[in-house]
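Data first, discussion second: the structure below is written as structure tokens.
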Amino acid sequence: MGHLSKEEGIKAVKKGLVLLAVITLIEVLVSLFGKGHLGIDPGFSFDVNLGLYEGPFAPLLIVVGLLLIGLSLYKAYYIVYKFMHMADEVKGLRMSVILPMLLFVWAIIAFFQEGKSWKDRRDVILEKNKIESSEVVSKDAVKEEAVLEHGAEH
Amino acid sequence: MATDTVKEHVEQSEGGAWDGGKAPMKASYGKLMMWYFLLSDAFTFTGFLIAYGTLRFSSPTWPVPDFVFKTFPFVDASNELPLIFVTVMSFVLIISSGTMVRAVQEGHRENQKGVVFWMLMTIIGGAAFLGCQAWEWSNLIGTEKMTVTRNPFGTHTHAGAYLNDDGSINDEETFELGGSYLIHSVEHAMHAHHGEGGHGDGGNAHEGHEEGHDEAHHDEAHHDDHGHGHHDAHVIPAEYQDGDHGSYVVKDGFVHRKFKIMDEAGNYSDDTYTEAFGPKAFGALFFAITGFHGFHVFSGVLFLFIIMVNAASGQYAARKNGYEMVEKIGLYWHFVDLVWVFVFLAFYLL
């Protein structure tokens, strides 16, 4: 948080704005590319049944996702360290704010895994219901036949 | 430098910094507590965003953001502009962050005029962002009829084709697996239909299905009923009354189109399906998270305004601590920008 001269200050702000704007533009372009909007076929498509992206370039989608997350994290770093002047604070203050954030690493892994598990469980149950209902139908059909035969005897 | 500000603070405080003679972490009480407030706020937002991710992972399909967010104010909705408007919103917020940095810099230089001017610019930026968000919300709520419990944006889980009015397959109107659709409200469908029917209100009322799929249904009936180019909102024409209409079903004021799915060999199913609403959680998560962020922006604008007035009145100049109050609201304002980075990532980019 130096006492910058007016010119130095303007220069620093300009640099920050251009950097953040360019990164945002790159993010949007990468995102649109990943969704096949830029007139370029990204070479992968989403298979809803498998819940997976498939196609020769499917791994590229992971790259697209990681790139977007990485660029966002860089923007976050830039805002905190340059705009909020975290770099000028003492180490204790920096660490007391940033280290608790590490808890999110596990929270994100655990909760997203949990979400995926809910979906898998639901799919299993839907599949089971399908099998059971078709069994019920066939049992009913057998019963009906029996009734018919029984009725015929009379 | 940092120590200068602290020294100034020490000199002012009666019992020394924080009354112990030495400021913990060489920061003033106010600034340190602002950092910790922002830390706790970050936990709240991350909690919300993790909930979003968890529910998204747990849903078989999820609305594709470039389909949901492809409208732009004053541009006919049939022009698809995926993510362009939210990019503009991001730029507005980034620029207001930049003007805030200028205000803090001018504060360090004890330049009252500069502080007030750049804070005013920041307020304008914040208000512009709120205006953009208001438009986005009113479009989603008013035009597309999204609510916290209803998400009209669905995704096809199979490839297939829509039906003609007589129940036969319309080969022209096919869709891919993973393709998105919007369940139109009756009102919306009537307007969309109207625009294409050449009755003159093409404007932003028209909202195309993906790839311009919403070709007019029941053209003749429509023309007969509404030849005058203006709708009476209370009169629902026969083709939009509840019930089965051949190529679509109207239920509770929404038009669900019918389709048949196509297997890998290219054969169509015997069964007919109707388009269903998308995962419910999307609406609630969208309104809760962008609303909570918008509320932060709104309260930030209020605080900026109060502090700007105080700065203009010379209150902070008298304190001779380098406009520390401006620095604190600056921290808050940058944090709001920081949160938007991740809201933007989760809702629009990924």
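Here is how names work: the chains are called A, B, and so on, in the same order as the sequence lines, proteins then strands, and each is numbered from 1.
Side chains of B:Tyr36 and A:Val97 form a contact here, defined as non-hydrogen atoms less than 4.5 Å apart. Using a 4.5 Å cut-off on side-chain heavy atoms (C-beta onward), A:Trp118 and B:Leu55 make contact. The closest side-chain heavy-atom distance from B:Leu331 to A:His85 is not below 4.5 Å. A:Val80 places none of its side-chain heavy atoms less than 4.5 Å from the side chain of B:Phe335. Within the 4.5 Å cutoff, the side chain of B:Leu350 has no heavy atoms near those of the A:Ser31 side chain. Put simply, the side chain of A:Val28 reaches to within 4.5 Å of the side chain of B:Phe344, judged on heavy atoms. Looking at heavy atoms from C-beta onward, A:Leu73 lies in side-chain contact with B:Phe342 at the 4.5 angstrom threshold. For the pair B:Trp35/A:Met86, a side-chain contact is recorded, criterion being any heavy-atom separation below 4.5 Å from C-beta on.
Interface remark: A:Lys14 contributes no atoms to any contact with chain B (heavy atom separation under 4.5 Å). Heavy atoms closer than 4.5 Å to chain B are found nowhere in A:Ser117, neither backbone nor side chain. For B:Val339, no part sits under 4.5 Å from any heavy atom of chain A, backbone or side chain. Residue contact with chain B, scored on non-hydrogen atoms closer than 4.5 Å, is absent for A:Ile98. The contact between A:Ile10 and chain B is made by backbone and side chain atoms together, counting heavy-atom distances below 4.5 Å. With a threshold of 4.5 angstrom between heavy atoms, A:Leu32 approaches chain B through side-chain atoms but not through N, CA, C or O.
Although no hydrogens or angles enter the test, the distance criterion places no donor-acceptor pair under 3.5 Å between the side chain of A:Arg122 and the main chain of B:Pro60. A donor-acceptor pair under 3.5 Å is absent between the side-chain atoms of B:Ser58 and the main chain of A:Gly115, judged by distance alone.
In this structure, OG in B:Ser90 is found 12.5 Å from CD1 in A:Ile23, a value given to the nearest 0.5 Å. Atoms OG1 and CH2, from A:Thr24 and B:Trp340 in turn, are 11.5 Å apart once rounded to the nearest 0.5 Å. Here OH of B:Tyr52 is found 9.5 Å from CZ of A:Phe112. Values are rounded to the nearest 0.5 Å. Note: B:Thr54 OG1 to A:Gln113 CD = 10.5 Å, rounded to the nearest 0.5 Å. Atoms CE and CG, from A:Met84 and B:Asp337 in turn, are 9.5 Å apart once rounded to the nearest 0.5 Å. In this structure, CG in B:Leu49 is found 13.0 Å from CZ in A:Phe111, a value given to the nearest 0.5 Å.
Looking at residues two or more places apart in sequence or on another chain, you find a salt bridge (Lys or Arg N to Asp or Glu O under 4.0 Å) between B:Arg102 and B:Glu106.
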Practice prompt. I would like to know whether A:Lys119 and B:Ser59 meet side-chain contact (heavy atoms from CB on, under 4.5 Å); could you show each step before the answer?
Written response: CA-CA 6 Å; A:Lys119 184 173 129 286; B:Ser59 297; 6.0 Å; no
In sequence, state the C-alpha distance, the side-chain angles, and the governing distance for B:Leu39 and A:Met101, and then conclude on side-chain contact (heavy atoms from CB on, under 4.5 Å). CA-CA 8 Å; B:Leu39 176 64; A:Met101 296 282 171; 3.5 Å; yes
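Under a 4.0 Å N-O distance rule, the pair B:Lys31/A:Glu89 qualifies as a salt bridge.
Here the closest non-hydrogen pair linking A:Leu17 and B:Gly98 is CD2-CA, 3.8 Å. Closest of all the heavy-atom pairs between B:His334 and A:Ile79 is O-CG2, 3.7 Å.
Ranked by heavy-atom pairs under 4.5 Å with chain B, the first of A:Leu68, A:Leu25, A:Leu20 is A:Leu68. Taking chain B as the reference chain and counting heavy-atom pairs below 4.5 Å, the highest number among A:Gly16, A:Ala21, A:Ala107 is found for A:Ala21.
In this structure, the ring of A:Phe104 has its center less than 6.0 angstrom from the ring center of B:Phe43.
Residue B:Phe303 qualifies as open at atom CZ: its count of foreign heavy atoms under 6.0 Å is 12 or below.
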